[in-house]
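Structure, as structure tokens:
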Amino acid sequence: MFARSPVLNQSGPTEFVFRVFTTVPEFQALLFLLFLLLYLLILCGNTAIIWVVCTHSSLRTPMYFFLCNLSFLEICYTSVVVPLMLSNILRARRPIPLAGCGAQMFFFVTLGSTDCFLLAIMAYDRYVAICHPLHYTLIMTQKLCIQMVASAVGLALFLSLQLTSLIFTLPFCGHRLEINHFLCDVPPVLRLACADIRVHQAVLYVVGILVLTVPFLLICVSYVFITSAILRIRSAEGRRRAFSTCSSHLTVVLLQYGCCSLVYLRPRSSTSEDEDRQIALVYTFVTPLLNPLIYTLRNKDVKGALKNAISSKAASDTH
């Protein structure tokens, strides 16, 4: 899938190593335990959401179908990055081959892009639910929901394949190159190429606009209509409930799009590799961890289903 330049063959197989967070053994152990704990919380929290949505018929609605898919994406998204990251903290400077780096980049970009598209789909779902409540079940059919998710995955796969293939046609001079990051992300890998990367930077901006700017603008338009519809609701309780269902989604949107835009859409002259790595920690750990917390703590349906599931499980264990 990835074409190699003749330059690579002259210096042997190209490998990448990730820059270590710290060389102090005590800090390495502390970071390993911290990241492992966060990863386990992400797995448990998102798995709990998938389990609750799949086992409770009251939650089989489009909103929870999308939430279930979002949680599954978060599990895959972090699993592409964190296990290798933990391995490198324990065994510092462990190299990753060119093909392995390309595979990680491809899956990381695919899953991250699908995540962004899915957040836009969830905004459309909220728009239909609040602005066209009487036609909601007629518009948001199961077939349409599946088609929208499949389209998001298909578009993300296409864009990721084009971007990753283009990057790995570049020559990388040297046998072992250091990536100032904890994963094979696009900007730090591009910096290691020993060729003119202006075309590749332009393609990255185009993909960034398609994945981040366009969906974010669609979300903003949706929320303009949503806010207008909510303000027309006469009862204060009705307005409060409508705003509550939207605020969870908006919190996740601002975190995800804000952090990703800082990494992928800032001019290269104003970026710092260390800053990019710190921001990447937010959308690798914080956003996937906050998703289940935000949606469960601010959602009575999910909280009620979780309580019922736990109480019924406890009751069955006692008998």
Side-chain angles (χ1 to χ4, degrees), residues 1-21 77 80-82 84-85 87-89 91-114 116 155-213 259-284:
M1 183 169 64
F2 307 118
R4 292 194 181 187
S5 166
V7 178
L8 295 177
N9 297 327
Q10 296 169 9
S11 57
T14 297
E15 295 179 332
F16 298 97
V17 290
F18 299 107
R19 182 167 293 181
V20 294
F21 285 97
Y77 181 77
V80 166
V81 176
V82 179
L84 181 62
M85 177 186 177
S87 172
N88 278 301
I89 292 175
R91 304 175 186 178
R93 316 294 287 180
R94 189 178 183 184
I96 180 172
L98 189 73
C101 188
Q104 187 187 51
M105 182 186 290
F106 171 73
F107 286 113
F108 180 76
V109 174
T110 298
L111 293 164
S113 301
T114 307
C116 292
L155 181 57
L157 281 168
F158 174 76
L159 292 174
S160 179
L161 183 61
Q162 299 303 311
L163 181 62
T164 310
S165 300
L166 183 66
I167 288 169
F168 281 86
T169 58
L170 283 166
F172 295 96
C173 301
H175 169 60
R176 183 168 291 187
L177 302 171
E178 183 184 67
I179 300 175
N180 188 10
H181 214 298
F182 54 84
L183 75 141
C184 288
D185 204 357
V186 179
V189 172
L190 267 180
R191 290 188 184 104
L192 298 176
C194 52
D196 187 352
I197 60 169
R198 282 176 296 183
V199 172
H200 302 74
Q201 289 282 11
V203 172
L204 175 60
Y205 280 125
V206 170
V207 172
I209 289 168
L210 290 174
V211 171
L212 295 169
T213 308
C259 292
C260 291
S261 297
L262 284 174
V263 172
Y264 297 104
L265 295 179
R266 276 192 307 176
R268 287 295 100 190
S269 57
S270 66
T271 61
S272 156
E273 292 183 52
D274 291 328
E275 281 180 17
D276 284 356
R277 187 160 74 153
Q278 291 159 11
I279 295 168
L281 285 171
V282 176
Y283 59 73
T284 302

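What's counted below: heavy atoms across the whole structure, side chains too, no hydrogens, waters or symmetry copies.
Between Leu204 and Pro187, the shortest heavy-atom distance links the atoms CD2-CG, 4.4 Å. For the pair Gly102 and Thr164, the tightest heavy-atom approach, listed with the atom from each and the gap, is O-CG2, 3.5 Å. Taking both residues in full, the closest heavy atoms of Val81 and Gln104 are given as CA-NE2, 3.9 Å, listed atom of the first, atom of the second, then distance. For the residue pair His181 and Pro188, the shortest heavy atom distance occurs at CD2-CG, 3.6 Å. When every heavy atom of Ser165 is checked against every heavy atom of Leu161, the shortest pair comes out as OG-O, 2.7 Å. Closest approach of Cys173 and Leu177 over heavy atoms only: O-CD2, 3.2 Å.
Distance check, rounded to the nearest 0.5 Å: SG of Cys184 to CG of Leu84 gives 7.5 Å. Remark: Thr114 OG1 to Leu159 CG distance equals 9.5 Å, nearest 0.5 Å. Separating the OH atom in Tyr283 from the CG atom in Leu281 is a distance of 9.0 Å, to the nearest 0.5 Å. Here the straight-line distance linking atom CG of Leu210 with atom SG of Cys116 works out to 12.0 Å at 0.5 Å rounding. Here the straight-line distance linking atom CZ of Arg191 with atom CD of Gln201 works out to 8.0 Å at 0.5 Å rounding.
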task = Evaluate the side-chain contact (heavy atoms from CB on, under 4.5 Å) criterion for residues Ile167 and Leu190: first the C-alpha distance (whole Å), next the side-chain angles of each, then the deciding distance (0.1 Å), finally the verdict.
result = CA-CA 7 Å; Ile167 288 169; Leu190 267 180; 4.2 Å; yes

Check the pair Cys259 / Val282 against side-chain contact (heavy atoms from CB on, under 4.5 Å), numbers first and verdict last. CA-CA 7 Å; Cys259 292; Val282 176; 3.3 Å; yes

CA sep, side-chain torsions, deciding dist, call: Val186, Met105, side-chain contact (heavy atoms from CB on, under 4.5 Å): CA-CA 7 Å; Val186 179; Met105 182 186 290; 3.8 Å; yes

Would you please test Asp185 and Tyr264 for side-chain contact (heavy atoms from CB on, under 4.5 Å) and show each step?
CA-CA 10 Å; Asp185 204 357; Tyr264 297 104; 2.7 Å; yes

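Legend: residues meeting ring-ring contact (aromatic ring centres under 6.0 Å, His included) with Tyr77, ordered by chain and number and at least two apart, are Phe108. With sequence neighbours left out, Leu157 forms a side chain to side chain contact (heavy atoms under 4.5 Å, CB included) with Phe106, Thr110, Val153.
Within the 3.5 Å criterion, the main-chain N or O of Arg198 finds a donor-acceptor partner in the side chain of Asp196.
Phe182 is listed as a side-chain neighbour of Thr284, based on a closest heavy-atom distance under 4.5 Å. In this structure the side chain of Leu212 reaches within 4.5 angstrom of the side chain of Cys260, judged on heavy atoms. With a 4.5 Å cut-off on side-chain heavy atoms, His200 and Val189 do not count as touching.
Judged by a 6.0 Å distance limit and a 45° cone about the ring axis, Arg277 is positioned over the six-membered ring of Phe21.
At most 12 non-hydrogen atoms from other residues, nucleotides or ligands lie less than 6.0 angstrom from CZ of Phe107.
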